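Note sheet for the following structure.
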2 protein chains.
Amino acid sequence: MVMKSEIQVFREYIRGRHLRRTPEREQILQEILEIQGHFDVDELHLRLRDKGSKVSKASIYRALPLFIDCGLVREVDFSDGHWHYEHIYGHAHHCHLRCLGCGEVLEFQEPELGRLEAHLAREYGYRIKGHQLQVQGLCATCQEAE
Amino acid sequence: MVMKSEIQVFREYIRGRHLRRTPEREQILQEILEIQGHFDVDELHLRLRDKGSKVSKASIYRALPLFIDCGLVREVDFSDGHWHYEHIYGHAHHCHLRCLGCGEVLEFQEPELGRLEAHLAREYGYRIKGHQLQVQGLCATCQEAE
DNA sequence: GTGCTATTGAGAATCAATTACAATAATACC
DNA sequence: GGTATTATTGTAATTGATTCTCAATAGCAC
């Protein structure tokens, strides 16, 4: 299966909606693609700053919903008072296991959830759009430190 | 199995930590117990107002972590910019299916998740403390309205 | 009762996220 | 290519949820 590149997906999305392709948006997307794992707006903004980009936080906040809407990025909830994000296009759907002590985040697959979605659709007449599963606990190191 | 009443649980928690039993806290807890389903701080505050209580929002914000800490209440994430809560003591653990159109929230059980927790504990050496699973979709009515 | 200190309400402060606005720049059309 | 249209930008102000400060109050231990 050949996949379109993320930039390609974004450009088609932009064109299809009579939005505009701007260097700011593409810089932001480029940076997101280079980040391993999760990020928040502050981190993203700092990384762009460090590379000499002058993109404002407002533009980041304005761009993220676009990336989410075209399926490149999703919001991740770590229950710490602000949003985190990760790029998902081309990545297998996964869930997060987070250590309450040190904040480490592991990713894991849970294939059962596909079956669950199908079951919920049948049972309640819903068209399922997505799900998030977060698990919290203490990693081995933080258990000892207790 | 006989369970302690929620008020009892809370009073013991308070006593055990040299905190103080106040009418404000007990009014808030009482009100939470009467709410069917989920609530947020604003709703809770309004309901208390309507009953003639003068409890401030600040006190509600200060009381909620106590209820959560003693296992009576938990946070629920609807990804809409602020926290929701529900009382859980004596209720079976459940997950939420939310309609993105009208906001309807259904609850369902997912017994597989217990097995998943055990698996994660074994696989990664974690001591699991909890999990949340949210599913989003469109209910039958909102599918038609599209 | 008395003293210690946790708790309260009111309002100020904080912080992430959104918005207003004037300037800029991407696209469509000639 | 030039021009008009209007989406997008950065800045700064604003919002809205939550937390904090502070002086007054009121539980609880003795």
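Convention: sequence-line order gives letters A, B, ...; per-chain numbering from 1. Model, not experiment: these values are computed from the prediction. Worth knowing before you read on, the calculation uses all heavy atoms, side chains too, and leaves out hydrogens, waters and symmetry mates.
When the P atom of C:dT7 is taken as reference, atom CD1 of B:Ile60 falls 16 Å away, rounded to whole Å. With rounding to whole Å, A:Ile28 atom CD1 is found 10 Å from D:dT9 atom C1'. For the pair B:Leu64 CG and D:dT19 C1', the computed distance is 13 Å after rounding to whole Å. Rounded to whole Å, the distance from CD on B:Glu26 to P on D:dA26 is 16 Å. B:Phe10 places its CZ atom 14 Å from the P atom of D:dG27, with the value rounded to the nearest Å. If you measure from atom CD of B:Gln27 to atom P of C:dT7, you get 16 Å, rounded to the nearest angstrom. Residue A:His82 contributes atom NE2, which lies 17 Å from atom C1' of D:dT19 at whole-angstrom precision.
Distance from the side chain of A:Ala58 is smallest to D:dA12 among D:dT9, D:dT5, D:dA12. Taking every side-chain heavy atom of A:Arg20 into account, C:dT27 is the closest of D:dG27, C:dT27, D:dT9. Distance from the side chain of B:Leu19 is smallest to C:dA6 among C:dA6, C:dA26, D:dT18. Closest to the side chain of A:Ser59, out of D:dT6, C:dT5, D:dG10, is D:dG10.
Using a 4.0 Å cut-off between charged side-chain N and carboxylate O, B:Glu112 and B:Arg115 make a salt bridge. Residues A:Asp69 and A:Arg17 are paired through a salt bridge, judged by an N-O separation under 4.0 Å between the basic side chain and the carboxylate.
Both B:Arg21 and B:Arg49 sit near DNA chain C, but only B:Arg21 has its closest nucleotide nearer the 5' end. Nearest-nucleotide positions on DNA chain C place A:Gly81 closer to the 5' end than the other of A:Thr22 and A:Gly81. Nearest-nucleotide positions on DNA chain D for A:Val55 and B:Pro23 put A:Val55 closer to the 5' end.
Side chain B:Arg25 to base C:dT7: no donor-acceptor pair is found below 3.5 Å. Between the side chain of A:Arg62 and the base of D:dG10, a donor-acceptor pair under 3.5 Å is found.
A sub-4.0 Å separation between OP1 or OP2 of C:dT18 and a side-chain N or O of A:Tyr61 is absent.
Taking CZ from A:Phe67 and CZ from A:Arg25, the interatomic distance works out to 8.0 Å, rounded to the nearest 0.5 Å.
Separation of the A:His84 and A:His82 ring centroids falls under the 6.0 Å cut-off.
A side chain to side chain donor-acceptor pair (under 3.5 Å) with A:His96 holds for exactly one of A:His38, A:Gln134, A:Gln132; it is A:His38.
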